[in-house]
A.B. asks: 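One structure, pasted below without further comment.
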Amino acid sequence: MKFMKLGSRPDTFYTNEAVRSVSSEVTSDLIVQVKGSRYLLHKFPLLSKCLRLQRICSESPETLQHQIVQLPDFPGGTEAFELCAKFCYGITVTFSAYNIVAARCAAEYLQMTEDVEKGNLVYKLEVFFNSCILHGWRDSIVTLHTTKAFPLWSEDLRITSRCIEAIASKASTHPFKVSLSHSHSRRVRDDVSCNGVEGQRQRPAAKGWWAEDIAELGIDLYWRTMIAIKSDGKIPSNLIGEALQIYASRWLPNISRRIKANREPAGSNSDSDSASEVTSKSRLLLESIVSLLPSEKGAVSCSFLLKLLKAANILNVSSSSKMELARRVALQVEEARVGDLLIPSLSSSSNTLYDVDIVLIILEQFMLQGQSPPTSPPRSKLGTERRRRSRSAENIDFKLQESRRSSSASHSSKLKVAKIVDGYLRQIAKDINLPLSKFIAVAETIPDFSRLDHDELYRAIDIYLKAHPDLNKSERKKLCRVLDCKKLSVEACMHAAQNEKLPLRVVVQVLFFEQARAATTGGKVTDLPSNIKALLASHNIDPSKSPRALSTTTSIPGHDQWSTVSGLRSPKSRISTLRMKLDEDDDLDENDMNPDGMGRPSKFKGFCALPSGPKKMFSRLLSTNRNATEKS
């Protein structure tokens, strides 16, 4: 830290009965009142350097003993005034980054300029400020921090703006080229002595050496400083993001705990006002951080963005800040963890544990991205142009390759997001207040091709069914429509076959697809899991016997094909028998009623529940079985 000493006389100021005086053989003739404090001083040394005191004394009538001067709005208070008074008396005073702002404002207030006397205090402080304070890193930050006590004076004297400009210019400089504080420079040199010069070059953390120091600033000064640093354009966006994370971790810790304490009944109105003030300051701080986020993707981690979004929900920040955070999260949501997406819901209109609506917005924004680029460049109509390879054509090909890479990356990110969403569904499914519509909405945001299997989705549905036992039959069917039984693994099928909470038709589909899969792999059902075999046997179906040959060559009208095949009507067919028995246990649904109010046959209803893909698979299976029987 730099400092400046002025004057050579010893300090002779003393206090007597709450009055500050200076030891002198000459009787005091001036009383100065500064914010409740009284000073017994002398006119000659003060008026010879302070133009303001000259004018006040010339305008006020003189008394027999002392002339009284009142300075109620004196900047810096008694400490700053005493520094100026001691300078006038020639007493030794020391100026540093901690008191130069107060002294400069006080000297400006008293008009201690060159017009009154050469080498006056204003001139000396300006020289010290420009030549020493602004050249030191730590001095500039401390000085900027002290301007908070004198915002208007500091702005008028350009102390604040000059400090910010100095800090911004030094942030893009290597720390060895900046005049640092002793502790900071020693820490940097220790790193170099341990890692060597090459190690220092390879350490990217050294580029952001300035972030922790400016994190000491309040949000208003920090915001202006970061704007200046970003405007300079020399600092990479990832270092800007790291600096914002450091600042947020320092000034936004334990928000949920703090707000929870604020929710408790306050003991008095003052406690409530204090809590409201803290919340208001935190809200302003968070909105300022959001406005400083770099526009480049990946400048900050997705985890950090989601933490900010959680804090935004707790602090009830503006909707524009929330939407901006949600948009940025959507750009890199494939990096998120399930726990990061569990954003607490504090809405008075909803009793859910988590804010599902904001996650839906994130997922919708994510799905709007990743539009596939053209698969081929435009071809020239002229043969001569096709034979010539210009640099522009090469650039087109290069951009095309990059576009294809980004397209494939977009597809892979969708696969990652699908896994994250299924894990998220498993967590929110435990919430007893979660509406069915929101659960389905989250599940349907991801396209079907993004889910390579539906095991995790099935687990989420199973958890939701257990947490919501009061769902009626139609609601359970609606929930299970998002599930594709063809994408369930053998283990998931084993569980689903015994899951009493699933609609019976889902169980039919699970058993059908599992038996079809087993038949296509070996032509027999002996490889089926034991529990599925047991369930088939419980319906008088012997899984050890091969299926009988079924006629599939008969010409049947398309609209009645699956309801008139004789083989499928035969109770000796294991799959058709299983479907008929399960359908007999199922109640007639409103969706299964004919327009005339008559119910369809349960056998036909069971076949209609199967999707077209499995029907074709089953048709091929029947044809294979028939050929095998004819050969035998």
Side-chain angles (χ1 to χ4, degrees), residues 337-339 341-342 351-354 356 359-360 363 415-448 450-518 528-536 538-539 578-579 582-583 585-587 589 606 609-611 614:
R337 295 174 297 181
V338 173
L341 290 173
L342 298 177
N351 295 325
T352 56
L353 293 176
Y354 306 109
V356 180
V359 175
L360 279 171
L363 295 176
L415 299 180
K416 295 178 182 178
V417 172
K419 294 182 179 179
I420 295 171
V421 169
D422 288 347
Y424 176 74
L425 287 170
R426 290 182 62 180
Q427 295 298 321
I428 65 173
K430 304 172 186 177
D431 184 6
I432 60 175
N433 295 319
L434 179 67
L436 177 63
S437 58
K438 289 189 176 181
F439 182 92
I440 295 176
V442 174
E444 291 179 342
T445 53
I446 302 301
D448 186 64
S450 298
R451 288 189 175 96
L452 299 181
D453 63 74
H454 278 217
D455 285 12
E456 289 297 315
L457 179 60
Y458 166 70
R459 291 187 180 96
I461 291 175
D462 183 49
I463 293 173
Y464 190 87
L465 290 172
K466 291 177 181 177
H468 303 78
D470 297 333
L471 291 178
N472 58 37
K473 180 180 173 182
S474 61
E475 289 174 335
R476 286 188 288 118
K477 287 185 177 182
K478 186 177 180 181
L479 173 64
C480 292
R481 283 178 190 152
V482 299
L483 187 65
D484 188 351
C485 298
K486 298 190 298 295
K487 291 189 176 183
L488 292 179
S489 65
V490 175
E491 292 77 9
C493 287
M494 291 171 60
H495 187 279
Q498 304 179 44
N499 194 340
E500 297 179 354
K501 297 184 179 297
L502 290 176
L504 207 52
R505 296 193 177 188
V506 176
V507 177
V508 170
Q509 292 183 24
V510 168
L511 293 173
F512 171 75
F513 290 126
E514 182 57 30
Q515 189 172 10
R517 176 164 52 189
L528 288 175
S530 59
N531 66 327
I532 297 182
K533 294 179 184 178
L535 187 60
L536 293 173
S538 66
H539 291 84
L578 174 61
R579 278 205 218 102
L582 290 176
D583 279 327
D585 296 333
D586 196 7
D587 296 330
D589 210 27
L610 296 176

A.B. asks: Kindly indicate, with the supporting measurements, whether the criterion salt bridge (Lys or Arg N to Asp or Glu O under 4.0 Å) is fulfilled by R459 and E456.
C.D. replies: CA-CA 5 Å; R459 291 187 180 96; E456 289 297 315; 2.9 Å; yes

A.B. asks: Keeping the roles fixed (side chain from Q498, backbone from H495), state whether a donor-acceptor pair exists under 3.5 Å.
C.D. replies: no

A.B. asks: Which pair of non-hydrogen atoms, one from A418 and one from I446, has the smallest distance, and what is that distance?
C.D. replies: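 Closest approach of A418 to I446, heavy atoms only: CB-CG2, 3.7 Å.
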
A.B. asks: Between D448, D453, D422, D455, which is the residue that forms a salt bridge (charged side-chain N to carboxylate O under 4.0 Å, His left out) with K487?
C.D. replies: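 Among D448, D453, D422, D455, the one meeting salt bridge (charged side-chain N to carboxylate O under 4.0 Å, His left out) with K487 is D448.
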
A.B. asks: Nearest 0.5 Å please: distance from the CG atom of N351 over to the CG atom of N433.
C.D. replies: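 It is 5.5 Å, given to the nearest 0.5 Å.
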
A.B. asks: Taking atom SG of C485 and atom CZ of F512, what is their separation to the nearest 0.5 Å?
C.D. replies: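 With rounding to 0.5 Å, SG (C485) is 11.0 Å from CZ (F512).
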
A.B. asks: Do you know which two heavy atoms are closest between V359 and L341, and how far apart they sit?
C.D. replies: CG2-O, 3.6 Å

A.B. asks: Taking all non-hydrogen atoms of both residues into account, name the closest pair between K430 and A467 and its distance.
C.D. replies: O-CB, 4.1 Å

A.B. asks: Quick one: pull up CD in E475 and CG in D470 and give me the separation to the nearest 0.5 Å.
C.D. replies: 9.5 Å

A.B. asks: Can you see which heavy atom on L457 is nearest to which on A443, and at what distance?
C.D. replies: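 In this case the closest contact between L457 and A443 is CD1-CB, 4.2 Å.
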
A.B. asks: Would a distance-only check, ignoring hydrogens and angles, find a side-chain to backbone donor-acceptor pair under 3.5 Å from D431 to L353?
C.D. replies: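 Indeed, once roles are kept as given, a pair shorter than 3.5 Å links the two residues.
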
A.B. asks: Checking the side chain of H454 only, and the main-chain atoms of D484 only, is there a donor and an acceptor separated by less than 3.5 Å?
C.D. replies: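 Present.
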
A.B. asks: Can you name the closest pair of heavy atoms from Y424 and V442 and give their distance?
C.D. replies: CD2-CG1, 4.1 Å

A.B. asks: Rounded to the nearest 0.5 Å, how far does NZ of K478 lie from CG of L471?
C.D. replies: 11.0 Å

A.B. asks: Check whether any side-chain heavy atom of V421 lies under 4.5 Å from a side-chain heavy atom of R451, and answer yes or no.
C.D. replies: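 Yes, at least one pair of side-chain atoms sits under 4.5 Å.
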
A.B. asks: Is there a side-chain contact between I428 and L342 in this structure, where contact means two heavy atoms from C-beta onward sitting under 4.5 Å apart?
C.D. replies: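 Heavy-atom side-chain distance check passes, below 4.5 Å.
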
A.B. asks: Would you check if K477 and R505 make a side-chain contact, meaning some heavy-atom pair closer than 4.5 Å?
C.D. replies: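 Yes - at least one pair of side-chain heavy atoms lies under 4.5 Å apart.
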
A.B. asks: Rounded to the nearest 0.5 Å, how far apart are CG of L502 and OH of Y458?
C.D. replies: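 Rounded to the nearest 0.5 Å, the CG-OH separation comes out at 5.0 Å.
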
A.B. asks: What about H468 and Y464, are their ring centers closer than 6.0 Å?
C.D. replies: yes

A.B. asks: Over all heavy atoms of both residues, which pair between L434 and T352 is shortest? Give the atoms and the distance, please.
C.D. replies: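 That would be CA-CG2, 4.0 Å.
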
A.B. asks: So, taking the atom named NZ in K438 and the one named CG in L425, what distance separates them when rounded to the nearest 0.5 Å?
C.D. replies: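 With rounding to 0.5 Å, NZ (K438) is 14.0 Å from CG (L425).
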
